[in-house]
Amino acid sequence: QKEVEQDPGPLSVPEGAIVSLNCTYSNSAFQYFMWYRQYSRKGPELLMYTYSSGNKEDGRFTAQVDKSSKYISLFIRDSQPSDSATYLCAMSFIYNQGGKLIFGQGTELSVKP
Amino acid sequence: ETGVTQSPTHLIKTRGQQVTLRCSSQSGHNTVSWYQQALGQGPQFIFQYYREEENGRGNFPPRFSGLQFPNYSSELNVNALELDDSALYLCASSLRRDPPYEQYFGPGTRLTVT
């Protein structure tokens, strides 16, 4: 079993839709949770990070962490064609583990005009 | 502010050869991490360098080695290349080695081993 599981998609939605992207994980020691966006042939770009449980909002993006269920989500409101990319969740421990981020497989999102 | 840069962009090597990939960290960042991303997969942590010392390592064999220089730029060296080493190699820099590990990635070097 992988430490972080993410549905690879692809996920296709019409412009303006609300998108929900999810990851589950097995290691309860994870404390930092991040979402990265990766456009084709580019490096991942950090969107948001949260510490422990709770919600965090940044513009059209909302990140949620439910540690009791070992489940994290990223919501994108009013999705745009420019949001079409692969979304990667990543996690890390609270103590120094050599800066190791553990990534999910990534979900490919396509927003159609 | 200059972002993370990597060179070369693309590279084709033959099995058994050696390769060196280079990374310049974002201005002010003293920590560099390297990741391998196979096609259709998430990045996998290779190792991290902090102030010229290896600070942590993932599940990669010793033929994957690295260096960090006084200006915080870094190299990834891979010896005895195997076909499975074909991947996108990503470098990420961060302001510090402590949580929350906000890491900023470069565009990557795509390595093809034939």
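Below, read A as the first sequence line, B as the second, and so on, with proteins coming before strands; counting in each chain starts at 1.
- Side-chain N or O atoms of B:Q68 include one that pairs as donor or acceptor with a backbone N or O of B:R51 at under 3.5 Å.
- Between chain B and the options A:G106, A:A90, A:G43, A:P8, the largest number of non-hydrogen pairs under 4.5 Å is found for A:G43.
- Under a cut-off of 6.0 angstrom, the local environment of CG in B:N59 is sparse, with at most 12 non-hydrogen atoms contributed by other residues, nucleotides or ligands.
- Both the backbone and the side chain of A:P44 come within less than 4.5 Å of a heavy atom in chain B.
- Neither the backbone nor the side chain of A:Q6 comes within less than 4.5 Å of any heavy atom in chain B.
- Using a 4.0 Å cut-off between charged side-chain N and carboxylate O, A:R77 and A:E57 make a salt bridge.
- Neither the backbone nor the side chain of B:Y49 has a heavy atom closer than 4.5 Å to any heavy atom of chain A.
- With a 4.5 angstrom heavy-atom cutoff, B:I46 does not touch chain A via any of its atoms.
- Checking side-chain atoms of A:S79 against main-chain N and O of A:V111 turns up no donor-acceptor pair under 3.5 Å.
- Comment: B:D85 does not engage B:R15 in a salt bridge, judged by the lack of any side-chain N to carboxylate O separation of less than 4.0 angstrom.
- Using a 4.5 Å cut-off between heavy atoms, B:Q37 touches chain A through its side chain atoms alone.
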Candidate pair B:F105 and A:Y36, rule ring pair (Phe, Tyr, Trp, His ring centres under 6.0 Å), full reasoning: CA-CA 10 Å; B:F105 284 82; A:Y36 282 84; 5.4 Å; yes
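- By number of non-hydrogen pairs under 4.5 angstrom with chain B, the leading residue of A:Y39, A:F103, A:Y51 is A:F103.
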